[in-house]
Amino acid sequence: MTNVPQIFGSMVFNDKVMQERLPKTTYKGLKKTVENGEQLDISVANVVANAMKDWAVELGCTHYTHWFQPMTGVTAEKHDSFIQPGGDGVIMEFSGKELIKGEPDASSFPSGGIRATFEARGYTTWDPTSPAFVRDSTLYIPTAFCSYTGEVLDKKTPLLRSMEKLSQEAVKVLKLLGKDVKRVTTTVGPEQEYFLIDKEMYDKRPDLIYTGRTLFGAMAPKGQELEDHYFGSIKTRVAAYMRDLDEELWKLGVLAKTKHNEVAPSQHELAPIFSTSNIATDHNELTMELMKKVAERHGLVCLLHEKPFKGVNGSGKHNNWSISTDTGENLLDPGKAPEDNIQFQLFLAAIIKAVDEYQDLLRITVASAGNDHRLGANEAPPAIISMYLGDDLGALVESIINGTEYRSHAKLKMETGVDALPTFRKDNSDRNRTSPFAFTGNKFEFRALGSSLNIACPNYMLNTMVAEELSGFYEKLNGETDIYTAVKALVKETLTAHQRIIFNGDNYTDEWVEEAARRGLCNYKSLPDAMEHYIDKKNIDLFVKHGIVSEQEIHARYEIELEHYSKQLNIEALSMLEMAKRDITPAVITFINELAQTVSFKKQASPFMSCYAEESLLKSLSEELEAFVKKTDELEAAVKNAADYSGENLEHAKYFRNTVFALMEELRAVGDEMETEMPSKYWPYPSYGEILFGV
Ligand code: ADP
Ligand code: MG
């Protein structure tokens, strides 16, 4: 039996360890930095570094690494040992300078042209707000990453800045309302979906190996239609994996809480208890890495791609987000009487206005080659951003807009009809699973994220846009003598102006797509369509005004995203070509040859024997193979065309989306059709049935 409280955080240089190991003054100095965002003193850093090193060495560490989140989409690390020449041999040392600043050779990280090649240096800087931890005999130090000239090259820095900004703006507004609050923090709980498949199957699929998703594969006779996997009992092998994963996460201080089977076969979910956005981001990155690592130990592979299998649901991530004060108040908690709670109404109005005005940014931040397969495909919220408030809050907003009386739906008692079962109160907001941005009681749940996304990005967008609205509100309210009346009027005006973003119905219907168009909401169907608007003036103004990222950095990010998208599609197309030419076509030819020989032998043996079965299959497969080979050639030509292109990244990405991707879909369709007609022993890859039901 695992003693959870004992192992929890045992690999983390957390508050408890710091209190034990740091002199009081150092501890206090560090605390000030963490809690109030104050500058860190080098003398403090020296003492902390030494204590950290001693602690890590006791846990078996020989190395340390600055751990950072460059624009590649995965975390990066460069390991250095603690050794220093000393005495006859070496001593283990770690200085404050080494803790604070690292200098990885940054020339190969994407910078979107910010960093000239002759100035390849990049710096990592310690982020003391996220605790260091030990993994694989190495001390991991969470850091931010910037260039020699100070440009931001990572995802964490803008997040930290946005949290700071939102805090400043929220505190100003709260002061107007008579609250004595020093700081607010945003909190996040990301629900993480993933697939778990057998390693042996994975190893036989070049598409999974190169791209994380299957590029060919006919649907199995069974998918998710019986809905028997969702919340179904967890298989022994998967349960063992989950237990192992939980333990690893707990040791690292990750509050892994919920685990269950998801909708698609072989699909699962893990959700932690929420923490501050910054720590939640680091922990989510760790969770994704450990999901993959732990799988190896169990002969499994964890797929975090947004759409590994066609025909069954893909994987997403729900970003539960809220704001709370240093006095412990959740600002998104409506309380017992939301109709009188002007503070709640004001923050709600700010969020509604933010989501309406920056709906494009929310769409952009979840855009990726993988997520393009999900958004708008009846399994994830659509590409159209709207908000769901639920019955209660919806009624409140309506009553404010119309100036009518609000009648609370007073929490209904839920009757189960079975005496032995306890009665419980229904949640204030029933669930609308189809909404991209739903109010769920005391937080908002942003549901359009893809499973592999680094949550720093959606969260810094969210924080910044809400900070912007709060700063506007402050300008309007500051100096008002009757603050209550002024807030009421501002809330009414804001809700009235932005009610188009609220939609409580089914987001999956065609009617909503039409209705959304009438309301003037954006509907960007793919990454290139969405990304184009990243550099719209209003978006650049937002980030520049609040000092989150500079105009140059936004342009860099824009180029990086587009380039990354094109590269991913290029890899997918090349993988498909390789599979088509080297495996599928030869396999079909071999079987066709066998069929033809059978026909010929049978006819030799007796001219009257029926060859109906062989001949019809021969005809069908021969025709399909011809179409398949022609499509392969077309795709190859398109890929070559793309390689010869030397213009704007946006046009390049659009070419990949509109031409290359379209041809890939056509090629796949023929390939999948042939798979259904081929004997399984001739088909070069494990089938969907074997992969999805194999664990
Ligand atoms: P559900 O989405 O099914 O309602 P929960 O209420 O358990 O499930 O919450 C889902 C996620 O939301 C969990 O990760 C939880 O920790 C997180 N969460 C709950 N409250 C907050 C909050 N105030 N801020 C951010 N995340 C929260
Ligand atoms: Mg949820």
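Order of listing sets the numbers, starting from 1, for every ligand and every atom in it. Computed from a prediction, not measured in an experiment: that's the story for all the values here.
Residue-ligand proximity, G189 to ligand 1, at heavy-atom distances under 4.0 Å covers atoms 14 (O), 25 (C), 26 (N). Below 4.0 Å from some heavy atom of T187 lie the following atoms of ligand 1, by number and element: 22 (C), 23 (N), 24 (N), 25 (C). Close contacts between ligand 1 and N330 involve ligand atoms 23 (N) [criterion: under 4.0 Å to a heavy atom].
The residue from S322, P272, G441 that puts a heavy atom closest to atom 22 (C) of ligand 1 is S322. Considering each of K443, E191, Q192, K257, the one bringing a non-hydrogen atom nearest atom 5 (P) of ligand 1 is K443.
With hydrogens and angles ignored, the 3.5 Å screen pairs no side-chain donor or acceptor of S322 with any backbone N or O of T187. Using a distance-only test at 3.5 Å, with no hydrogens or angles considered, no donor-acceptor pair links the side chain of K182 to the main chain of D326.
By the criterion of a heavy-atom distance under 4.0 Å, neither the backbone nor the side chain of H318 is placed next to ligand 1. Residue contacts with ligand 1, taken as heavy atom pairs separated by less than 4.0 Å, involve E445 solely via side-chain atoms from C-beta onward. When heavy-atom distances to ligand 1 are checked against a 4.0 Å cut-off, T258 has no atom that comes that close, whether in backbone or side chain.
E164 has no carboxylate O lying under 4.0 Å from a charged side-chain N of R161, or vice versa, which leaves the two without a salt bridge. At a threshold of 4.0 Å, the pair E289-K293 does not count as salt-bridged, since none of the basic side-chain nitrogens sits closer than that to a carboxylate oxygen.
Listed by first and then second residue, the ring-ring contact (aromatic ring centres under 6.0 Å, His included) pairs that reach into residues 342-387 are H373-F661, sequence neighbours excluded.
The aromatic ring centroids of H229 and H268 lie less than 6.0 Å from each other.
Below 30°, between 30° and 60°, or above 60°: for W67 and Y140 the angle between ring planes is above 60°, a perpendicular geometry.
In terms of polar-atom proximity, defined here as any N/O pair under 3.5 Å, W321 makes no such contact with ligand 1. Taking any N or O of I273, backbone or side chain, none lies under 3.5 Å from an N or O belonging to ligand 1. For a threshold of 3.5 Å applied to N or O pairs, the pair formed by F274 and ligand 1 contains at least one separation below that value.
The OH atom of Y388 sits 12.5 Å away from the CD1 atom of I502 when rounded to the nearest 0.5 Å.
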